[in-house]
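The figures here come from the full heavy-atom set of this structure, side chains too, leaving out hydrogens, waters and symmetry mates. Remember, predicted model here, so these are calculated numbers, not experimental data. Chain letters run A, B, ... following the sequence lines, proteins first and then strands; every chain starts at 1.
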2 protein chains.
Amino acid sequence: MRAMPMPDVSEIDLAGVMHAFADPSRLAIVAALAHMPEQSCDDLGSLAGLMSMAKSTRSHHMRVLREAGVTAARYEGTRKIIWLRREDLDSRFPGLLDAVLAGVDAEAELV
Amino acid sequence: MRAMPMPDVSEIDLAGVMHAFADPSRLAIVAALAHMPEQSCDDLGSLAGLMSMAKSTRSHHMRVLREAGVTAARYEGTRKIIWLRREDLDSRFPGLLDAVLAGVDAEAELV
DNA sequence: CGGATAGTTCGATCGTTGTCGAACCTTCCA
DNA sequence: TGGAAGGTTCGACAACGATCGAACTATCCG
């Protein structure tokens, strides 16, 4: 099985999480996971803004999110199932994830 | 007078703000501004973690924060006074700034 | 077995960013 | 008038990051 390093809750650092959120593609992934948890990487690829992205690039973004402590994953057959580490993020940085998700929605509504 | 471009509230974008927060030095500046508003750039330079920074580098960080819409500034004599755009950020991304500031405190307390 | 599906890894490219020192610009004050 | 103080701008440099295609791995299914 491939390695999937993921920081412990206590190791999640703010600047790292901010960096993970500092990219439109990753924000879109996070927002999608908020509305439909437990997605496969492949399903996430058919999002607006990510359709034209190479799968190696998508894989890169998934790694950034996971290493920052934003997401977790498990393998199911050939698929990799991704979800948000909601409780971990909420316990470490209360309100942060909700505020970011609300921010994504707020921006989407302006279009 | 030197130019100080600053985005309108409606132009503040989430990824940009996240990027502005994605640096320990800038997070330290933001946290300092939260506790002691209306600082001069020079005063902010005597923060832990910023003491050894060249003033050109500090100036760079100030610009990133301002262009992201996080801070505003005015000149007072030879000094430049900086403050957080609290209301603007709160109206555009409710709860975000507070969550980030709480996060900085939470990390500081772990030391 | 062999092909299809789902992801990862690698190397390359190219733009961005953090950092510095030096030079410069503004404003104040002696 | 001439420093001094506070910031900005510039050029350089190294590190990082987003992106791609190609090659690779792992799993399932016919």
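Listed here is the closest heavy atom pair of B/Val9 and B/Arg92: O-CD, 2.9 Å.
Atom-to-atom, CD of B/Glu76 to P of D/dG7 comes out at 11 Å; the value is rounded to the nearest Å. Here C/dT8 presents its C1' atom at 12 Å from CZ of A/Arg58, a figure rounded to the nearest Å. Atom CE in A/Met18 sits roughly 21 Å away from atom P in D/dC16 (whole-Å rounding). As rounded to whole Å, 15 Å separates atom C1' of D/dG6 from atom CZ of B/Arg74. Atom pair A/Asp42:CG and C/dA4:C1' shows a separation of 13 Å (rounding to whole Å applied). To the nearest angstrom, P of D/dG6 lies 14 Å from CD1 of B/Ile82. If you measure from atom CG of B/Asp43 to atom P of D/dG6, you get 9 Å, rounded to the nearest angstrom. What separates CG of A/Leu65 from C1' of D/dG17 is a distance of 14 Å, to the nearest Å.
Between the side chains of B/Ser10 and B/Asp8, at least one donor-acceptor pair of N or O atoms lies under 3.5 Å.
Counting heavy atoms from C-beta outward, B/Leu97 and B/Arg86 have side chains that approach closer than 4.5 Å. Between B/Val17 and B/Ile12 the shortest side-chain heavy-atom distance falls below 4.5 Å.
Between B/Arg79 and C/dT26 there is no side-chain N or O to OP1 or OP2 distance below 4.0 Å. Between A/Arg63 and C/dG7 there is no side-chain polar atom (N or O) within less than 4.0 angstrom of OP1 or OP2. Contact check, A/Lys55 against C/dT5: no side-chain N or O comes under 4.0 Å of OP1 or OP2.
Residue contacts shown for A/Met62 are absent, as no nucleic acid heavy atom lies under 4.0 Å away.
Under the 3.5 Å distance criterion, the side-chain polar atoms of A/Arg26 are matched with a main-chain donor or acceptor of A/His19. The closest donor-acceptor contact from the side chain of B/Glu76 to the backbone of B/Ile81 lies at 3.5 Å or more, if one exists at all.
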Detail all sub-3.5 Å separations between protein N/O atoms and N/O atoms belonging to nucleotides 13-18 of chain C.
unit_1, atom_1, unit_2, atom_2, d
C/dG18, OP1, B/Arg26, NH1, 3.4
C/dG18, OP1, B/Arg26, NH2, 2.9
C/dG18, OP2, B/Arg26, NH1, 3.3
C/dG18, OP2, B/His60, NE2, 2.9

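When each of C/dT9, C/dC20, C/dA6 is scored by its nearest atom to the side-chain atoms of A/Ser59, the top-ranked nucleotide is C/dT9. Side-chain atoms of B/Thr78 lie closest to D/dA5 of the nucleotides C/dA6, C/dT9, D/dA5. Closest approach to the B/Ser40 side chain among C/dG7, D/dG7, C/dC20 is made by D/dG7 (side chain taken as heavy atoms from C-beta onward).
Applying the 3.5 Å distance criterion, the base of C/dG21 shares a donor-acceptor pair with the side chain of B/Ser56.
Between the NZ atom in A/Lys80 and the CG atom in A/Asp43 there is a gap of 14.5 Å [rounded to 0.5 Å].
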